[in-house]
Amino acid sequence: MPSPLSPATIALVKATIPALEAHGLAITRRMYERLFQDPAIRDLFNQSHHGETGSQPKALANAVLAYARNIDNLGALAGAVERIAQKHVTLTILPAHYASVAEALLGAIQDVLAEAATPEICAAWGEAYWFLADILIDREAAIYHDHETRPGGWTGWRDFRIESVTIESETIRSFVLVPVDGGAVLRHQPGQSLGLRLDLPGEGVLKRNYSISCAPNDRSYRITVKREATPGRPAGLVSSWLHETAHPGTVLTVAAPAGDFVLDRTTSAPVVLVSGGVGLTPMMSMLETIHAETPERPTWYVHGALHGRVHAMAERTRRLAADRPAIRLHTVYEAPESADRLGTAYDRVGRITPEWLVAHTPAAEATYYLCGPKSFLASLVHGLARLGVPAERIRYEFFGPADELEEEARAAA
């Protein structure tokens with residue numbers, strides 16, 4: 001643990017809160033401009049979060065502001081620190097990278113705030129930055145050590161071969177990955193993700209995270225990927241490449257499993273797994289794990305999809321529940337088609353709502369695990385809390401910077 005921040009530093013950092021509220025996004029945008037002048041540093045980041053939407057600069061601006069507001073109460077940021085450390089591990093961030101970020105951030109503060117960025121302010125933010133950086137470096141070192149010393153573990157990047165490809169729906173495919181070196185794999189925690197690094201012709205190095213969609217085992221991982229396509233925008237580079245080009249035998253470069261959105265396996269208390277669309281990927285890992293390890297654990301799996309043609313792994317979930325009476329399935333289609341049979345393919349028309357979940361699952365004792373699109377999560381996370389489910393029993397995974405979820409919730413309010 002680094003030495004505590006001085007009272008003078010705390011006071012100076014808190015004094016910058018109004019400036020951060022007004023100019024935080026400009027600072028983080030400028031920081032990334034400076035940082036990405038080095039191609040090696042640029043390649044560490046998922047550039048899909050730095051394009052049109054600018055979601056990562058927004059997320060970092062909010063994180064910097066939260067740090068300033070809580071600089072004298074850092075316990076409030078413990079959860080955020082763990083999420084950042086786990087994400088850094090999937091990107092193989094190392095201690096040496098922090099110096100580059102420090103230089104870019106402090107330079108950006110000076111560029112944007114100009115004369116207001118006095119030597120005293122810059123010195124205080126330098127001290128505050130390295131205090132937090134040292135906490136993250138220590139936590140990431142512990143995670144890397146755990147990866148390296150556990151059976152099947154590794155640090156850095158490891159080559160995996162695609163063993164098989166399964167078409168799960170019109171838009172989703174699963175890929176089973178096995179190590180090229182023939183060794184065992186690190187048993188992941190259900191809900192964690194893999195980091196992938198690809199060097200695509202004409203695109204350069206791209207990094208993405210994909211949730212593992214199978215139960216922990218010693219020989220392979222399965223990732224389940226939706227081909228992303230948004231009206232008016234090109235399809236996702238990596239998801240399109242996986243769907244169109246990758247095949248059995250293709251070699252991918254993979255970082256060890258990481259992530260803090262994991263199934264609690266220390267209890268047999270009821271659990272409710274709730275997913276929308278391709279958000280089912282971590283839920284399938286959790287469901288398969290419960291099926292194999294704690295078959296008597298009361299489990300509800302509630303899934304929403306547009307219709308049967310895009311509902312992935314439907315038969316797989318039905319098989320898992322068929323021989324485990326403690327597992328209950330409920331499927332909701334927003335726009336079922338004529339081929340979709342009510343009572344067989346799906347149970348209800350519409351959307352999953354927090355009111356339905358509280359009425360039909362054991363809200364007084366269950367833990368809710370949620371994953372899906374922004375609007376889906378915003379409705380359920382805040383709706384369950386509004387209906388009295390304690391925050392510690394609402395856990396969720398969001399595929400993108402977390403500030404986007406808060407923006408979606410505010411827009412829907």
Side-chain angles (χ1 to χ4, degrees), residues 1-47 49-51 54-78 80-89 91-141 207 401-403:
M1 173 68 70
S3 300
L5 294 170
S6 68
T9 292
I10 291 173
L12 283 167
V13 168
K14 290 184 79 69
T16 64
I17 290 174
L20 294 175
E21 291 172 338
H23 305 292
L25 182 56
I27 290 171
T28 55
R29 283 175 173 162
R30 178 59 181 148
M31 187 207 84
Y32 282 119
E33 287 175 2
R34 282 173 156 265
L35 198 61
F36 292 166
Q37 290 174 10
D38 181 347
I41 296 294
R42 184 183 186 279
D43 287 347
L44 291 170
F45 291 83
N46 182 344
Q47 292 301 315
H49 296 159
H50 294 269
S55 58
Q56 186 56 42
K58 292 177 186 176
L60 181 59
N62 286 339
V64 171
L65 180 58
Y67 184 39
R69 287 173 172 165
N70 292 280
I71 195 74
D72 52 354
N73 180 31
L74 294 178
L77 301 178
V81 168
E82 180 64 17
R83 285 191 295 276
I84 292 169
Q86 294 284 347
K87 181 59 67 67
H88 282 181
V89 167
L91 298 171
T92 67
I93 300 296
L94 299 174
H97 297 134
Y98 281 89
S100 298
V101 175
E103 181 179 355
L105 176 60
L106 295 176
I109 289 173
Q110 292 173 316
D111 290 347
V112 173
L113 298 186
E115 302 86 23
T118 64
E120 292 78 15
I121 290 292
C122 291
W125 265 105
E127 182 183 344
Y129 170 83
W130 280 109
F131 178 85
L132 181 57
D134 286 341
I135 292 174
L136 288 167
I137 289 169
D138 287 347
R139 177 61 186 135
E140 289 156 22
K207 291 187 176 182
D403 70 309

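Counting begins at 1 with the first residue of the sequence.
Between I137 and P95, the shortest heavy-atom contact is CG2-CG, 3.9 Å. Nearest approach of A117 to C122, heavy atoms of both residues: O-SG, 3.8 Å. Minimum interatomic distance between A116 and I121 (heavy atoms only, all atoms of both residues): O-CG1, 4.1 Å. What you find for A68 and L20 is that their closest heavy atoms are CB-CD1, 3.7 Å. Nearest heavy atoms, K207 versus D43: CE-O, 3.2 Å.
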| task | Take R83 and K87, measure what side-chain contact (heavy atoms from CB on, under 4.5 Å) needs, and give me the verdict at the end. | result | CA-CA 6 Å; R83 285 191 295 276; K87 181 59 67 67; over 6 Å; no
| task | Carefully, step by step, assess L35 and R42 under the rule side-chain contact (heavy atoms from CB on, under 4.5 Å). | result | CA-CA 7 Å; L35 198 61; R42 184 183 186 279; over 6 Å; no
Please report, to 0.1 Å, the donor-acceptor pairs under 3.5 Å made by any side chain of residues 127-135, with sequence neighbours excluded.
residue: E127; atom: OE1; partner: T9; partner atom: OG1; Å: 2.5
residue: E127; atom: OE2; partner: S6; partner atom: N; Å: 3.4
residue: Y129; atom: OH; partner: Y98; partner atom: O; Å: 2.7

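The distance from atom CG of N70 to atom CG of L65, rounded to the nearest 0.5 Å, is 9.5 Å. Separating the CZ atom in R29 from the NZ atom in K58 is a distance of 7.0 Å, to the nearest 0.5 Å. Rounding to the nearest 0.5 Å places CG of L12 at 11.0 Å from CD1 of I71.
When only modelled atom types and interatomic distance are considered, Q37 and E33 share no side-chain donor-acceptor pair under 3.5 Å.
N62 is not listed as a side-chain neighbour of L25, based on a closest heavy-atom distance of 4.5 Å or more. The side-chain heavy atoms of I27 and V64, taken from C-beta on, include no pair separated by under 4.5 Å.
Applying the side chain to side chain donor-acceptor pair (under 3.5 Å) criterion to T16, with sequence neighbours excluded, gives W125. The side chain to side chain contact (heavy atoms under 4.5 Å, CB included) test applied to H97 returns I41, L44, I93, L94, not counting sequence neighbours.
Sorted by first and then second residue, the salt bridge (charged side-chain N to carboxylate O under 4.0 Å, His left out) pairs with a member in residues 2-22 read K14-D72, E21-R69; sequence neighbours excluded. Every pair passing salt bridge (charged side-chain N to carboxylate O under 4.0 Å, His left out) that includes a residue from residues 93-121 is listed here, sequence neighbours excluded: R30-D111, R34-D111.
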